[in-house]
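Below is one structure, written out as structure tokens; the observations come after it.
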Amino acid sequence: PRLQRRRGRAVSVRRQPRKRAAFEPLAVPGERNPRMRRPAATVAGGVLVLLRALSGAVWGAAVLFGLPPWLRAFAGFANGDNTIPAEDTIEDLGLSTETFIGVLIVVFLVQLVFGILLLWGSNAARVIVMIVSTISIVAAFVSWWNVGDEITVGTTLVTLALDILVLLALSSRDAAAYARRNDRRV
């Protein structure tokens, strides 16, 4: 640091104040390590994708078979208004039963496969899941902003929360390093 005389004393003068950066600096890629242990962020991301698949299957079963009265009452309590919500039916969705079941099974299996691929450390699966989660979060926001759809326990709160948590877990440096551990370009 430069020293400058002020009132007879030597005072340190810095040209720029020391600030903490508001962003993370670019990380230097580590060396290739195929035996890297699976980080907690990757496990959390994979488990959350599997939970998302399970929550979709539970929702589908609720639409197909209806919720028991005690569970509908619990959903009303969780929404905060203590009213028992109306049941969703397949007729409300405008689909035939076969189409609904087919779409539900395909979505469930795709999420199941991506959850397993994430746990195995697939970088392509990690990136695709992050993109889909981002699209889902943006769609929920646009639906709330333009249409006025409420985000409640009975509607999209669970899936939105899982998407945000998946995005946070899979975008961490540890998850990215684990997914790229076998990459020859690193």
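What you see below is based on every heavy atom in this structure, not just the backbone, and it leaves out hydrogens, waters and symmetry mates.
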Side-chain heavy atoms under 4.5 angstrom apart, residues restricted to Ile, Leu, Val, Met, Phe, Trp, Tyr: same cluster for I164 and F141?
yes
For the residue pair G60 and F100, what are the closest heavy atoms and their distance?
O-CE2, 3.7 Å
Going by the rule ring pair (Phe, Tyr, Trp, His ring centres under 6.0 Å), which residues pair with W120 if we only count those two or more places apart in sequence or in a different chain?
none
Calculate, to the nearest 0.5 Å, the distance between atoms OG and CG belonging to S172 and L167 respectively.
11.0 Å
Taking T42 for the side chain and R38 for the main chain, is one N or O donor matched with an acceptor at less than 3.5 Å?
no
So which heavy atom on R52 is nearest to which on L162, and how close?
CA-CD1, 3.8 Å
Would you say V166 ends up clustered with V107 if hydrophobic residues are merged whenever their side chains have heavy atoms under 4.5 Å apart, either directly or through other cluster members?
no
Do V110 and L118 sit in one hydrophobic cluster, given that two such residues count as connected whenever their side-chain heavy atoms are within less than 4.5 Å of each other, even indirectly?
yes
Do L64 and T97 have side chains that get closer than 4.5 Å, going by heavy atoms?
yes
Roughly how far, to the nearest 0.5 Å, is the CG atom of L104 from the CG atom of L109?
9.5 Å
Is any side-chain heavy atom of W144 closer than 4.5 Å to a side-chain heavy atom of E150?
no
What closest approach, in Å, do P39 and D174 show between heavy atoms, and which atom pair accounts for it?
CG-O, 3.5 Å
Is the shortest heavy-atom distance from the side chain of L54 to the side chain of L50 under 4.5 Å?
no
Polar side chain donor-acceptor pair, S136 to S133, under 3.5 angstrom:
no
Quick one: list whatever passes side-chain contact (heavy atoms from CB on, under 4.5 Å) with A53, sequence neighbours left out.
F108, Q111
Let me confirm one number: the CG-OH distance from L170 to Y178, rounded to the nearest 0.5 Å.
12.5 Å
Any non-hydrogen side-chain atom of I135 less than 4.5 Å from a side-chain atom of I131?
yes
Treat each ILVMFWY residue as a node, draw an edge where side-chain heavy atoms are under 4.5 Å apart, and state whether L168 and V158 are in one component.
yes
Flag yes if L165 and I137 sit in one hydrophobic cluster, no otherwise; membership is Ile, Leu, Val, Met, Phe, Trp, Tyr, and two members link when side-chain heavy atoms are under 4.5 Å apart.
yes
With sequence neighbours left out, what residues match R126 under salt bridge (Lys or Arg N to Asp or Glu O under 4.0 Å)?
none
Grab the two heavy atoms, one from A169 and one from A175, that are nearest each other, plus how far apart they are.
O-CB, 3.6 Å
